[in-house]
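Everything numeric here is computed off the predicted structure, so don't read it as measured data. Proteins come first, then strands; the chains are lettered A, B, ... in the order of their sequence lines, and each starts at number 1.
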Amino acid sequence: MHAKRTFPIARLALAGLALTTAFLSGCSKPEVDTAEVKTESPQESVASVTGQEPLKVGFVYVGPTGDAGWTYSHDKARQFMQAELGDKVKTTYVESVAEGADSERVINQLAKSGHQLIFTTSFGYMNPTLKVAKRYPDVKFEHSTGYKRADNVGTYFDRAYEGRYLTGMVAGLMTKNDTLGYVASFPIPEVVRGINAFTLGAQAVNPDVKVKVVWVSTWYDPGKEREAAETMILQGADVLTQHTDSPGVINAAEAQGVYAIGYHSDMSEYGKTAHLTATVHNWGPLYTRKAQAVLDGDWESEAFWGGFADETLSLAPFNDAVPEDVRSRVEAAKAALIAGELHPFHGPLNDRSGVEKLAAGSNLSDEDMLGMNWFVAGIEGELPQ
Amino acid sequence: MDPDLIANILYATIRTGTPLLLVALGELVCEKSGVLNLGQEGMMLMGAVAGFIAAYHLGDSGIGIVSALVLAMAAGALMSLLFAFITLSLNANQVASGLALTIFGLGLSSFVGLGYVGIALNGIQPWELPLLSDLPLLGKVLFSHDPLVYFSLAMAALLAWFFRSTRAGLIVKAVGESPESAQALGLPVLRVRYLAVLFGGAMTGLAGAYLSLVYTPLWADHMSAGRGWIALALVVFASWRVGRAVLGAYLFGLMSIMHLVLQGFEIAISPNLLATLPYLVTIAVLVLLSSNQARSKLFAPLSLGKPFQPGH
C-alpha cells in the first residue's frame, strides 16, 4: 500500500531538484502540477493481438488518490474494474481537478483523446460533464452525486445511509455514556440523512442514546475536525463519527481513548484501537458493470442509487474490540437490509419538535430522503436552516 | 458554566492560537523589514510535510523530534529563500511572488508527502510542568502544554525585547521604514531583509510542524487549511506589535473554539456565521484602527511591499 514510502530520499531529492530549478531559473511562475494524468494499461500487445482495441475509460477525481477518503474509494474501484476486465479496458485518471472551468477542460481532453466512458466523481462536475457530453454524443458519461442526466449522461450514488444505520447500531451498542458525537460539515440533505440514519440505528439497539452534532463548516480541515471531536469528548461523547473528508476525528479519538467510526473508506490505519468499523463506498462492481455495458453496446443513462443489496456499500472489518454479539446483530440487520425487510427510515418518525414526519408502517420515499432537512428526535444540536 | 469546561476551552484556545502565533511572529519580523510575503500557506505546508517525514523516519521522541522541528524550519526557510531571491535580488513583485510561493508549496508538499498519507504518529506530547500543572484551573490552562507553546511565548518575549531594546531591532525597523535612508547610513539593507525573510520562513515552517506533529499528528494534503491567511490578517490586527500578536492569536483561537463549543449549548446562531467570527473581528479592528488614520500609518512599516534596488 505504501510502496512509495520506501524511497523517501529519492522523493526528497526530486523535490529539492524542483526547488533548485525554480530557484535557478529565478522564475516566479509556480511549477505546480495540479492535474497529473496517469495511464495504466496491462499488456497492450495482447489486446492488439486479439484485434480489439481496449475500451478507454477515464476518471476525474476531485482530490488526491491518497490512502483514505472519497477519491481513494473511487480509485480503488478503478483498480477493481481494471483487474476484473483485464485487457478489455484501459483506464486513465486525473486527480485533484478543481470543480468548474478546470474540470470542463479535463473532461473535454479525456473525451477528445478517445475515452468512451468517463466517470466524473464530484458534485461540482455536474454542469461541466453535461456541457462536454453535448459535444461528444458518442461518449458515455457517469456523474457521481448529481441529479442532471442526458441521453449519454447517467448519474450514480450509493445509499450511504444504510451504512450509517448499521454503524449507528455499532455505536449504540459500544457506548458507555449513551452519548455519541457526530462531526458534520454542512447542513445539506446528504449529511442530514447520514446523521438521522446513524441516530435511528443507534436508537434501534439503545433507546437511551443521544447524538451530539457539531458543524465545522468545512469539508476538510484536519485541525478543526480534531478540535470539534475533542469538544464532544469533553461533553461526554465516547463514540465519534464524521461526515468530513479528513481522518482528524479518528485521530482525536485514538489520542483520547474513545471509539470512532470511519466514513468513505476503511480508516483503521488512523486509529488502531479507536476505529470500530466504517461505512465504505464500494464502487468497484458498479464500475465493472458500466464498462461491461459499454463493451456490450447496451449502456443506458440511468439514475443509479445502490446500497448493500448490490454491493455498492460495504462495512470495514470490525475492530477486535467489537464483541461477537454486536457483530451478529449488525450482520443480521445487514441481511435484512439486503432482503428489503429493513428500511432505516421506517415510520413512525417524528422530528425533534415532535411533529410526525412519517406515519407508522411506511418507508420514507427516495424523494423525501433526497431532500431531507429535519432532524429526528434524539439529536442534540440545531439543524441550521 | 462548569470550571472544567472553561479550563478546557482556554486550553484549546492556546493550542489553536499557537500555530497562528508562530506564523504571525515570523511574518511580523519580515514585514517590519519592509517585505510582504504572502507565501505562508506554502511554507507552512512544506514545514508540515518535512517535519512529519523526518519524525516518521527518525522517531517521534527526543532527538528525532528535535531534528524534525529543525528540518521543518529549514524547509520553511528554504521556501522563503526562494521568495527572497526572486523579490529582493531580482526585484519581482512581492505580492505576486508570495502568491506563487503559496501555490508552489501546495503542490510540492502534496508531491513530497504522497507516500506518507495515512500514517499516524504519536506526535509531540504535552509537558506537564511539575507542581505547577497540579494547580486548579491554571495548571491545565497554562502549565500542561507541549514545548512549542512555551517556545512561541518565549519567542514573542524575545522579539518584543529585540525591537524595543536592541540596535539590531532598530536596524530592522529602519530598513522597513526607509531603505534609502538606511542605506545612506551604511546599513546592509539587502542582508537585513534576507535574514528577516528567512526568519519568517523558519517560523512558518515550525508552525507547519505544529500542525503535523502536535495538532493532528498525521500528514494530510493541504492541512494548513487557510491558517496562513488568518495569520496574515493577525499581523495587521496586531498593528505590527508583538504583544498584540500574542493577544490576537489567542483571540482568534478562542473564536474558532467558541464556534464549536457554542453549538454544544444549542445556541441558535448559524455555525457558518460563527465560523466567520475571526474575520469579522479582524474587520472590526481594522475599522477601529483606521478611524484615526494617522494612528494606523504610524504602525505599518512605511516601505512595506515596495521593491528596493540598492545603489540607485
Side-chain angles (χ1 to χ4, degrees), chain A residues 1-8 11-12 14-15 18-19 22-23 26-34 63-64 66-68 96 186-187 212-218 220-228 230-232 234-235 246-248 250-252 254-255 269-272 380-382 384, chain B residues 4-5 8 12 15-16 19 53 56-57 78-79 81-82 85-87 89-90 92-93 96-97 99-104 106-108 110-112 114-120 123 211 215-218 220-223 225-227 256-257 259-261 263-264 266-268 270-272 274-275:
Chain A
M1 202 168 206
H2 293 302
K4 284 163 191 149
R5 203 187 304 153
T6 46
F7 306 107
R11 193 161 284 281
L12 275 174
L14 260 173
L19 248 178
F23 188 80
C27 162
S28 63
K29 205 175 124 206
E31 293 202 325
V32 183
D33 199 2
T34 46
D67 268 8
S96 297
F186 297 98
K212 284 181 180 292
V213 178
V214 167
W215 302 95
V216 288
S217 307
T218 174
Y220 186 86
D221 180 345
K224 192 160 199 179
E225 292 166 40
R226 181 182 174 133
E227 211 60 73
E230 290 186 351
T231 306
M232 281 189 297
L234 282 177
Q235 294 173 357
S246 99
I250 311 288
N251 193 256
E254 181 80 7
E269 266 184 274
Y270 296 90
K272 299 247 175 328
E380 286 188 3
E382 286 296 328
Chain B
D4 259 7
L5 183 61
N8 279 309
R15 205 174 47 176
T16 312
I53 292 175
Y56 174 74
H57 289 285
L78 197 64
M79 292 288 283
L81 181 65
L82 174 65
F85 179 71
I86 293 167
T87 56
S89 295
L90 303 180
N93 181 296
S97 309
L99 292 175
L101 192 70
T102 282
I103 301 168
F104 178 56
L106 286 177
L108 187 62
S110 293
F111 172 70
V112 174
L114 210 54
Y116 295 87
V117 179
I119 306 171
L211 294 180
Y215 209 55
T216 29
L218 51 90
D221 273 347
H222 306 184
M223 67 188 300
R227 284 182 181 77
S256 64
I257 293 301
H259 162 215
L260 305 171
V261 173
Q263 294 183 43
E266 306 211 19
I267 292 173
S270 155
N272 292 330
L274 290 173

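Listed options T231(A), I250(A), D221(A), V213(A) were ranked by heavy-atom pairs under 4.5 angstrom with chain B; first place goes to D221(A). With chain A as the partner, the residue from L211(B), T102(B), T216(B) showing the most heavy-atom pairs under 4.5 Å is T216(B). By number of non-hydrogen pairs under 4.5 angstrom with chain B, the leading residue of E230(A), R226(A), E254(A) is R226(A). Of the listed residues K224(A), Q235(A), M232(A), K212(A), the one with more heavy-atom pairs under 4.5 angstrom with chain B than any other is K224(A).
The shortest heavy-atom contact between A220(B) and P222(A) is CB-CG, 4.1 Å. Shortest non-hydrogen contact noted between W215(A) and L260(B) is O-CD2, 4.2 Å.
Proximity to chain A involves both the backbone and the side chain of P217(B), based on heavy atoms less than 4.5 angstrom apart. For Y220(A), the parts lying near chain B are the backbone and the side chain together; criterion is any non-hydrogen pair under 4.5 Å. The contact between I257(B) and chain A is made entirely by side chain atoms (from C-beta outward), counting heavy-atom distances below 4.5 Å.
Interatomic distance, CD1 of I103(B) versus CG of L108(B), reported as 13.5 Å (0.5 Å rounding). Here CD1 of I53(B) is found 11.0 Å from OH of Y56(B). Values are rounded to the nearest 0.5 Å.
For E227(A), the salt bridge (Lys or Arg N to Asp or Glu O under 4.0 Å) partners at least two apart in sequence or on another chain are R15(B).
Side-chain contact check for P247(A) versus L218(B): some heavy-atom pair is nearer than 4.5 Å.
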